[in-house]
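Here's the structure we're looking at; comments come further down.
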Amino acid sequence: MTITTLDTPSATPLLDWYDRHHRDLPWRVTPGMAARGVKADPYHIWLSEVMLQQTTVQAVKPYFARFLERWPEVTDLAAAENDAVMAAWAGLGYYARARNLKKCAEAVAKEHGGIFPDTEEGLRSLPGIGDYTAAAVAAIAFNRQAAVMDGNVERVISRLYAIATPLPAAKPMMKEKVALMTPAARPGDFAQAMMDLGATICTPKRPACSLCPFRDACKALKLSDPEFFPVKAAKKEKPVRYGAAFIAVTDDGEILLRQRVASGLLGGMTEVPTTAWTARTDGETSAEAAPFDAAWQACGTVIHVFTHFELRLSIWRAAIAAKVGTNDGWWEPVTNLEAQALPTVMKKAIATAIPLAFKTSKG
DNA sequence: AATTCGTGGAT
DNA sequence: TATCCAAGAAT
């Protein structure tokens, strides 16, 4: 029996809605499957949750399939080469996730005998697992009564209780509401139901309130303005940074690449030689900053928007007869670029200089 | 507590 | 076109 108060709506209508309208996702054990005895795989749940951090379901699906095909068990991922994991993650963004994913797999393999901890606290201590992911894995994979709160849940709760306090200040209060609502029975389904509701009904724009299992309890709907919630703090404007990137290709089709430092922006990923990315446009975006002397030709500009700044990258190209000695890079056959840990901005830069470098150019 | 960290689809 | 923002974590 779930304890409810005057201000705590029952989870039952939501769970009933979930039984009928849940999304079918590759990593998910649906209520129907669970009824036939299928258990969620903690490795699958963990992998999907890390990939889904600030990332859409659509973007995650092909990556999730490739990771599982290549590394079927967490011990396989633990034994993988770092470069292989980074290359497999390339394009998904937030690359610290991939670095921590590998560390977490190694910790599970070496310190936990290949078995994921089954408590929120145990999970929370692993690399790349924060408050949300620890609660999500505990609830979904281990049926723990953990309070799961992501961006979807924040939106649902903010509307359900008409919370006018701006995010992120309102998070602690909102998490208390989630904890009070989370049932002892089916806590994992409750968490997934809240997220499905936020993704399909209680959407940021034009929520489908008439279809919502909380329509009778929702305070924002009673106020006739659900879209007003959640209130968010104003965000800063994005500065513009400038730089140059240099694509050198030999006559036998090899391109000069190098590896970025292990931490920070695009940490540990592969890049073509570039200048520093700064707020100034003079000097640093010219061929004078090239890694070596050659007949560098300007061939365009790549504009790429990161989370907190916009990058305008001048692209320079040089066709050279033979490899030039390099301290910190290597020459890679252009035909092998697909296997490299190249972030999207670097693929755009290369595609600008070598239009046929990739099968699917997103530049 | 405020910043830093990618990318692409939807509106 | 510009803005939002998507199953957040680390520092």
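A, B, ... follow the sequence lines: proteins, then strands. Residue 1 opens every chain.
A sub-4.0 Å separation between OP1 or OP2 of B/dC5 and a side-chain N or O of A/H308 is present. Phosphate contact (OP1/OP2 of B/dG9, side-chain N/O of A/T56, threshold under 4.0 Å): absent. Between B/dT7 and A/Y95, a contact under 4.0 Å exists linking OP1 or OP2 to a side-chain N or O. Side-chain N/O atoms of A/Q54 include one lying less than 4.0 angstrom from OP1 or OP2 on C/dG8. For C/dA9, one of the phosphate oxygens OP1 or OP2 lies less than 4.0 angstrom from a side-chain nitrogen or oxygen of A/T133. Using a 4.0 Å cut-off, some side-chain N or O of A/H304 falls inside it from OP1 or OP2 of B/dT7.
Using a 4.0 Å heavy-atom distance criterion, A/L47 is classed as making no nucleic acid contact. At the heavy-atom level, A/L266 lies under 4.0 Å from the strands shown only through sugar-phosphate atoms. Within the nucleic acid shown, A/G267 has no heavy atom closer than 4.0 Å to any nucleic acid atom. Heavy atoms of A/W27 sit under 4.0 angstrom from at least one base atom. Here A/G198 lies out of heavy-atom contact (under 4.0 Å) with every strand.
Ring-centre distance between A/H304 and A/F306: below the 6.0 Å cut-off.
Using a cutoff of 4.0 Å between basic side-chain nitrogens and carboxylate oxygens, A/E271 and A/R260 are scored as salt-bridged. The pair A/R144-A/E120 fails the salt-bridge criterion, with no side-chain N (NZ, NE, NH1 or NH2) lying under 4.0 Å from an Asp/Glu carboxylate O. Contact check on A/R186 versus A/D19 returns a salt bridge, with a Lys/Arg side-chain nitrogen under 4.0 Å from an Asp/Glu carboxylate oxygen.
Remark: the A/T344 side chain and the B/dG6 base include no donor-acceptor N/O pair separated by less than 3.5 Å. The base of C/dG8 is not paired with the side chain of A/Y132 by any donor and acceptor separated by under 3.5 Å. One donor-acceptor pair, N or O on each side, does fall under 3.5 Å between the base of C/dA7 and the side chain of A/R23.
The nucleotide whose nearest atom lies closest to any side-chain atom of A/A199 is, among C/dA10, B/dT7, C/dA7, C/dA7. Here the nucleotide nearest the side chain of A/K232, chosen from C/dG8, C/dC5, B/dC5, is C/dC5.
Of the residues listed (A/D41, A/D189, A/D196), the one engaging A/R28 in a salt bridge (charged side-chain N to carboxylate O under 4.0 Å, His left out) is A/D196, and it is the only one. Under the ring pair (Phe, Tyr, Trp, His ring centres under 6.0 Å) test applied with A/W27, the options A/F64, A/Y43, A/W46 reduce to a single match, A/F64.
Atom C1' of nucleotide B/dT4 and atom CZ of A/R99 are separated by 11 Å, given to the nearest angstrom. As a whole-Å value, the separation of A/M346 CE from B/dT7 C1' is 14 Å. Rounding to whole angstrom units, NZ of residue A/K61 and C1' of B/dG8 are separated by 16 Å. In this structure, A/Y63 places its OH atom 11 Å from C1' of B/dG8, rounding to the nearest Å. If you measure from atom CE of A/M51 to atom P of B/dG8, you get 15 Å, rounded to the nearest angstrom. To the nearest angstrom, P of B/dC5 lies 17 Å from CD of A/E310. Following rounding to the nearest Å, A/M269 (CE) and B/dC5 (P) show an atom-to-atom distance of 15 Å. Counting to the nearest Å, the C1' atom of C/dC4 and the CZ atom of A/F229 are 19 Å from each other.
No side-chain N or O of A/R97 forms a donor-acceptor pair with one of A/Q53 less than 3.5 Å apart.
Taking all atoms of both residues into account, the shortest heavy-atom contact from A/W296 to A/A290 is NE1-CB, 3.2 Å.
For the segment residues 136-154 of chain A, no residue has any heavy atom less than 4.0 angstrom from an atom of DNA chain B.
Rounded to a whole angstrom, the distance from the C1' atom of B/dG6 to that of C/dC4 is 15 Å. Going from the C1' atom of B/dC5 to that of C/dC5 covers 15 Å, rounded to whole Å. For the C1' atoms, the distance linking C/dT1 with B/dG8 amounts to 16 Å, nearest Å. When the C1' atom is compared between B/dA1 and C/dA10, the two are found 13 Å apart, to the nearest whole Å.
Between A/P168 and A/F309, the residue anchored nearer the 5' end of DNA chain B, judged by the nucleotide with its closest heavy atom, is A/P168. Annotation: of the two residues near DNA chain C, A/S48 and A/N100, the 5′-most nearest-nucleotide partner is A/S48. Heavy-atom nearest nucleotides on DNA chain C were determined for A/I129 and for A/M195, and the one closer to the 5' end corresponds to A/M195. In terms of position on DNA chain B, the residue among A/T55 and A/Q58 whose nearest nucleotide sits closer to the 5' end is A/T55.
The environment of CZ in A/F309 is crowded: more than 12 heavy-atom neighbours from other residues, nucleotides or ligands sit within 6.0 Å.
The closest side-chain heavy-atom distance from A/L311 to A/V302 is not below 4.5 Å.
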